[in-house]
Each structure stands twice: as C-alpha cells, then as structure tokens.
Amino acid sequence: SSHGDEGVVFGCDSEPLKLTWIFQVLSSGECPVLSKIPKIFFIQACRGAQLDPGVLVECDSAGTQCEPDGFTEFLSMPPQTVVMFACSPGYVAFLRPSGSMFLQAVLQALRGEQRHLSLHRLLTRVTGEVAFNCQARGTYEGCKEMPCFVTNLLQDVFPFSA
C-alpha cells in the first residue's frame with residue numbers, strides 16, 4: 001500500500017521504485033529458491049491521475065479496436081507470479097477513512113469461504129466486489145475503481161486454502 005504511478009510505487013522516502021526492479025529481485029536468476037514457488041503481489045497504489053466515473057456498457061466486442069496497454073513491465077515478471085492492482089492502468093485508487101476499498105475486499109474474501117477457491121477465481125471475485133460495490137465519496141462522489149490482475153501461472157493454485 002503506497003502512492004504510485006504507472007509502472008512504479010513510491011517508497012517511504014517518496015522515491016519511485018520500478019516494478020521491473022521488484023520483479024527482477026525475485027527472478028530465478030536473483031533468487032533461485034523462489035523459482036518454482038508462486039508469488040502473489042497485491043498493489044494498492046494509483047497507476048495514474050485519471051478518474052473513472054463508472055459506466056455500464058453492453059458490448060459484443062465485434063470490431064473493437066484496442067489501444068496499446070500498460071503491461072510492458074510485466075515482461076519482467078518472474079515465472080509463477082500474479083500481480084493484482086487496485087486500479088486499471090492510468091487511473092487512481094481510492095482510500096476511505098477506514099482504508100483501501102481494494103484491500104478490504106481482498107481481506108473479506110480471505111476471511112470467508114472464498115479463500116478455498118483457486119487464485120484466479122478468488123481474484124475475479126475480488127474484482128467484482130470492488131467494481132460493483134465500492135465507489136468514492138466526498139469530493140470524488142460516484143467515481144469507481146476497477147482492480148485488475150496479470151498472471152503467468154501455468155496451473156491453478158490454492159494458496160489460501162487450509
């Protein structure tokens with residue numbers, strides 16, 4: 001949980017720390033003992049300055065053009081890694097007085113029976129919880145947050161199951 005921008009999080013010294021560096025430190029070359037162990041990152045930080053007013057869109061995706069994405073840094077992800085962000089590339093992540101909407105949804109899922117699901121299903125449920133049940137209040141009333149995750153796992157993992 002920190003402040004951030006696309007591709008970086010800010011350290012306690014307010015200096016940007018590139019995600020590519022974090023991933024490199026945990027790579028098989030730098031840390032062989034972690035090479036076959038799934039790594040999970042939950043990143044509560046902004047990824048830009050845009051606000052998401054939230055919209056309901058129905059689309060069959062026919063003829064949709066996609067813009068270049070912000071996933072270049074993920075080419076450096078070590079094998080067996082999942083990174084879940086509080087918000088989409090370019091957007092802000094919100095905090096309530098009680099804390100992060102995103103991290104609260106993650107903890108809620110881990111406290112319940114959902115913790116026994118595969119990691120992919122668990123993260124999809126967290127994304128749905130934040131997308132449909134959380135919105136900013138006050139100055140940014142009604143603005144939304146859309147978590148997303150990137151993975152290069154090759155099989156289902158159940159890291160939070162008893």
Side-chain angles (χ1 to χ4, degrees), residues 1-27 30 38-110 114 119-153 157 159-160:
S1 185
S2 180
H3 294 287
D5 207 343
E6 187 57 45
V8 300
V9 292
F10 294 102
C12 58
D13 58 0
S14 298
E15 292 296 317
L17 183 63
K18 289 185 176 186
L19 293 176
T20 54
W21 181 83
I22 295 171
F23 299 148
Q24 180 184 4
V25 168
L26 297 171
S27 69
E30 295 288 323
K39 291 158 276 305
I40 306 166
F41 296 89
F42 294 101
I43 300 177
Q44 166 59 46
C46 291
R47 299 178 73 190
Q50 295 180 57
L51 294 173
D52 183 352
V55 294
L56 180 61
V57 177
E58 290 186 40
C59 179
D60 65 2
S61 72
T64 303
Q65 294 285 335
C66 294
E67 293 183 22
D69 60 35
F71 294 118
T72 308
E73 67 268 12
F74 299 112
L75 297 175
S76 65
M77 282 176 41
Q80 298 293 86
T81 300
V82 175
V83 181
M84 186 170 198
F85 291 95
C87 58
S88 300
Y91 288 89
V92 298
F94 292 102
L95 293 173
R96 293 179 175 162
S98 60
S100 157
M101 296 184 289
F102 166 66
L103 291 179
Q104 287 177 4
V106 169
L107 293 174
Q108 178 184 341
L110 294 179
Q114 296 180 72
L119 186 59
H120 290 96
R121 292 186 72 192
L122 178 90
L123 299 183
T124 300
R125 299 239 177 129
V126 168
T127 298
E129 174 65 26
V130 174
F132 290 115
N133 298 320
C134 298
Q135 66 179 348
R137 295 188 176 102
T139 305
Y140 303 109
E141 181 77 35
C143 286
K144 303 291 284 177
E145 185 172 308
M146 184 63 196
C148 60
F149 63 93
V150 179
T151 179
N152 63 13
L153 290 176
V157 294
F160 305 111

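In what follows, residues are counted from 1 in the order of the sequence shown.
Taking the side chain as every heavy atom from C-beta outward, Gln44 and Leu95 approach each other to under 4.5 Å. Counting heavy atoms from C-beta outward, Ile43 and Met84 have side chains that stay 4.5 Å or more apart. You'll find the side chain of Leu19 reaches within 4.5 Å of the side chain of Phe85, heavy atoms only. Counting heavy atoms from C-beta outward, Val150 and Val82 have side chains that stay 4.5 Å or more apart. Between Val8 and Leu17, every side-chain heavy-atom pair lies at or beyond the 4.5 Å cut-off. Contact annotation: the side chain of Phe102 approaches that of Phe42 to within less than 4.5 Å [non-hydrogen atoms, C-beta and beyond].
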Exercise. What do the steps show when you test Leu51 against Val92 for side-chain contact (heavy atoms from CB on, under 4.5 Å), and what is the final call?
Worked result: CA-CA 6 Å; Leu51 294 173; Val92 298; 3.5 Å; yes
For this session: Verify side-chain contact (heavy atoms from CB on, under 4.5 Å) between Met77 and Val83, making sure each step is shown before the conclusion.
Result: CA-CA 9 Å; Met77 282 176 41; Val83 181; 4.1 Å; yes
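Scanning all heavy atoms of the two residues, the minimum distance from Ile40 to Pro159 falls at CD1-CG, 3.6 Å. Closest heavy-atom contact between Asn152 and Pro78: ND2-O, 3.0 Å. Across all their heavy atoms, Ala45 and Ala86 have their closest contact at N-CB, 4.4 Å. When all heavy atoms of Thr127 and Pro147 are compared, the pair lying nearest together is CG2-O, 3.4 Å. Nearest heavy-atom pair across Glu6 and Gly90 is OE1-N, 3.5 Å. Closest non-hydrogen pair, Thr151 versus Leu153, comes out as OG1-N, 3.0 Å.
Lys144 places a side-chain N or O within donor-acceptor distance of the main-chain N or O of Cys134, the cut-off being under 3.5 Å. Judged by distance alone, the side chain of Arg47 and the main-chain N or O of Gly4 form no donor-acceptor pair under 3.5 Å. Under the 3.5 Å distance criterion, the side-chain polar atoms of Asp5 are left unmatched by any main-chain donor or acceptor of Cys46. In terms of modelled atom types and a separation under 3.5 Å, the side chain of Thr124 and the main chain of His120 share a donor-acceptor contact.
Note that the CD atom of Glu129 and the CD atom of Gln104 stand 10.5 Å from one another [nearest 0.5 Å]. To the nearest 0.5 angstrom, Arg121 atom CZ is 9.5 Å from Gln114 atom CD. Of the inter-residue distances, the one linking Tyr91 atom OH with Cys148 atom SG reads 11.5 Å to the nearest 0.5 angstrom.
Not counting sequence neighbours, the partners of Phe41 by the ring-ring contact (aromatic ring centres under 6.0 Å, His included) test are Phe23. Listed by chain and residue number, nothing satisfies the side-chain hydrogen bond (donor to acceptor under 3.5 Å, both in side chains) test with Ser27 (two or more places apart in sequence, or in another chain). In terms of the side-chain hydrogen bond (donor to acceptor under 3.5 Å, both in side chains) criterion, Glu145 has no residue partners (sequence neighbours excluded).
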